[in-house]
S.K.: 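Following this message is one structure expressed as structure tokens.
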Amino acid sequence: MWKALDAGRDYIRKYLPWMSAYKTEADHTAGLNTRRNEADNFDGSRGYIIEYNGELAGAVGFGTPKRDNDIEIGYWLRLDLQGRGIVTRSVGKIIDMLIHEMGLHRITIRADTSNLPSRGIPERLGFKHEGTMHDGGYVNNEYMDLEIYSMLDHEWLKRSKNA
Amino acid sequence: MSANEINILETPILTVSDSITLRPSELDDAEIYLQMVADNHDRLSEWLSAPMPPTTVEERRKAQAADLARGEDGKGHWWLIEEDGDLAGTIAFHNIEATNRLAMVGYWLADGFTGKGIMTDSLHAIIDWAFSELNLIRIEIQCSITNRASCAIPERLGIQREAIRRQSEIKKGVVLDMASYAALADNWPPKPPAR
């Protein structure tokens, strides 16, 4: 996993605040272990590796379900594998699990306003755009606007039925 | 202090007007706080989960101690609102995020103190303080779109609504659409949007 992250460093750190903290593989391993401990103590969060034809392609995960059953999904993908629907399908799978199996009511995705490939994921999955958080994220010493998207359980069920 | 870092400060007494003062909430306020919650419980429980249900003084002290400890780490600030010395309500920053330099606001007023602009002026005062002293850049206020009195407070200050977070809270079994407002340090007090 480290190889893919390190190779994609320049574009990943443009949008994701945690990338700059990972300078070496050891930093990343330590970061992963902290996240695992948090998940073990059941904050409910989970992370998955995305494999494409057996190769590590990226990752997708979700945070702690907040009160009222709201949960946020995050993802990244190797630059050379973008444009094939890999993340769209992966996120769809995760939403199936969150809504059908875990009974969550609301899924949130936030994406940098300027990151069009990332925004395309919730848009293609039929999420509703709710608004813009001005200066909502801080990456590389700059504040950026985030677009907020949401999907509600009944909307996803309807979508699944029509698919 | 670095330009991009927040300051960790003690919660100050803020004088809002001749009659309104915000004073830091203390451990020994547990009893009067609980009384105020009990007196206003039916109205408040439609919108708030935080002070519900009313707890014992001992439990309230514990919750208050936890809040104060978070305050010492710079994670929040809790005030009681007094009008001419009478307890009128509360206002707070909770979830101060150092990295994103943002905070979320919570507030409520007791019966008999609403409709007089007390909360609008109090909100204005704590945002002034947070932008100038804590070095925050963004302050969020969320309220149910059906709670007009609450939404009117940021709106009267010209704070823009950024989103409606659909069905994002459930209170007393009722699903609420939450209007999300944000005050921004680089436009404070807010100028009217360009035409």
Side-chain angles (χ1 to χ4, degrees), chain A residues 13 15-21 31 63-74 98-99 103-113 119 122 126-159, chain B residues 2-6 47-50 52 94-104 106 130-131 135-145 154 158-188 190-191 193:
Chain A
R13 66 194 292 269
Y15 301 113
L16 296 174
W18 43 261
M19 189 63 215
S20 296
T64 312
K66 292 191 197 132
R67 62 198 169 109
D68 311 317
N69 286 342
D70 188 6
I71 202 164
E72 184 164 350
I73 292 181
L98 290 171
I99 287 180
L104 284 161
H105 173 63
R106 181 190 144 98
I107 316 271
T108 305
I109 290 179
R110 290 186 298 168
D112 185 310
T113 300
R119 292 173 58 179
F127 276 58
K128 188 167 172 358
H129 181 237
E130 291 189 329
T132 307
M133 279 177 83
H134 300 279
D135 291 345
Y138 183 67
V139 180
N140 297 325
N141 305 316
E142 266 185 59
Y143 290 92
M144 53 196 206
D145 296 346
L146 299 174
E147 302 302 326
I148 310 171
Y149 297 89
S150 71
M151 172 67 71
L152 304 178
D153 53 358
H154 59 88
E155 295 167 342
W156 188 252
L157 296 175
K158 199 168 152 199
R159 202 183 135 82
Chain B
S2 146
N4 282 341
E5 279 176 22
I6 66 164
W47 314 115
L48 304 174
S49 49
M52 311 297 158
H94 35 83
N95 300 336
I96 294 180
E97 287 180 20
T99 313
N100 294 323
R101 287 165 64 198
L102 62 81
M104 295 173 199
F131 286 157
N135 203 26
L136 295 182
I137 60 153
R138 181 182 156 87
I139 293 174
E140 298 181 8
I141 301 120
Q142 282 202 18
C143 45
S144 164
I145 58 171
I159 298 170
Q160 292 290 304
R161 190 178 78 198
E162 291 186 330
I164 292 178
R165 302 180 71 101
R166 303 176 306 146
Q167 305 194 5
S168 60
E169 293 209 9
I170 303 171
K171 291 285 164 325
K172 276 190 169 174
V174 178
V175 179
L176 302 176
D177 293 331
M178 301 298 288
S180 182
Y181 297 82
L184 303 172
D186 61 11
N187 182 24
W188 184 257
K191 288 180 277 296

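Below, chain A is the first sequence line, B the second, and so on; all start at residue 1.
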S.K.: Heavy-atom distances under 4.5 Å only: say whether L152(A) touches chain B with side chain, backbone, both or neither.
M.R.: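 For L152(A), the contact with chain B is made by backbone and side chain together.
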S.K.: Between M151(A) and chain B, with a heavy-atom cut-off of 4.5 Å, which part of the residue counts as in contact: side chain, backbone, both or neither?
M.R.: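 Just its backbone gets close to chain B.
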S.K.: Where do A163(B) and I148(A) come nearest, in terms of heavy atoms and distance?
M.R.: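 The pair with the smallest heavy-atom distance is CB-CD1, 3.9 Å.
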S.K.: Write down the atom of T99(B), the atom of Y138(A), and the distance for their closest heavy-atom approach.
M.R.: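 Minimum heavy-atom separation between T99(B) and Y138(A): O-CD2, 3.4 Å.
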S.K.: Step by step, work out the side-chain contact (heavy atoms from CB on, under 4.5 Å) result for E155(A) and R166(B).
M.R.: CA-CA 12 Å; E155(A) 295 167 342; R166(B) 303 176 306 146; 2.6 Å; yes
S.K.: How far does CD of E169(B) sit from CG of D70(A), to the nearest 0.5 angstrom?
M.R.: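 Reported value, rounded in 0.5 Å steps: 9.0 Å.
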S.K.: Give the C-alpha distance, both sets of side-chain angles, the deciding distance and a yes or no for side chain to side chain donor-acceptor pair (under 3.5 Å) between R101(B) and Y143(A).
M.R.: CA-CA 10 Å; R101(B) 287 165 64 198; Y143(A) 290 92; 3.0 Å; yes
S.K.: Between H105(A) and chain B, which part of the residue has a heavy atom less than 4.5 Å away: side chain, backbone, both or neither?
M.R.: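 For H105(A), side-chain heavy atoms alone lie under 4.5 Å from chain B.
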S.K.: If only atom types and distance count, is the side chain of E162(B) paired as donor or acceptor with the main-chain N or O of H134(A) below 3.5 Å?
M.R.: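 Pair found, side chain donor or acceptor close to backbone of H134(A).
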S.K.: Take S168(B) and R106(A) through the test side chain to side chain donor-acceptor pair (under 3.5 Å) and record every step on the way to the result.
M.R.: CA-CA 7 Å; S168(B) 60; R106(A) 181 190 144 98; 4.8 Å; no
S.K.: Is E142(A) in contact with chain B via its backbone, its side chain, both, or neither, using a 4.5 Å heavy-atom distance?
M.R.: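 No part of E142(A) comes within 4.5 Å of chain B.
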S.K.: Could you tell me whether the side chain of D135(A) reaches within less than 4.5 Å of the side chain of N100(B), counting heavy atoms only?
M.R.: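 A side-chain contact is absent here, since even the closest heavy-atom pair is not under 4.5 Å.
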S.K.: Side chains of Q167(B) and H154(A), heavy atoms from C-beta outward: is any pair under 4.5 Å?
M.R.: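 Of all side-chain heavy-atom pairs linking H154(A) with Q167(B), at least one is under 4.5 Å.
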S.K.: Report which part of I137(B) has an atom under 4.5 Å of a heavy atom belonging to chain A: side chain, backbone, both, or neither.
M.R.: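 Side chain only.
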S.K.: Where does E97(B) contact chain A at under 4.5 Å (heavy atoms): side chain, backbone, both or neither?
M.R.: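 Contact with chain A: none, neither part.
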S.K.: Contact part of R138(B) toward chain A, heavy-atom cut-off under 4.5 Å: side chain, backbone, both or neither?
M.R.: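 The side chain, not the backbone.
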S.K.: What part of S150(A) lies closer than 4.5 angstrom to a heavy atom of chain B: side chain, backbone, both or neither?
M.R.: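 For S150(A), the contact with chain B is made by backbone and side chain together.
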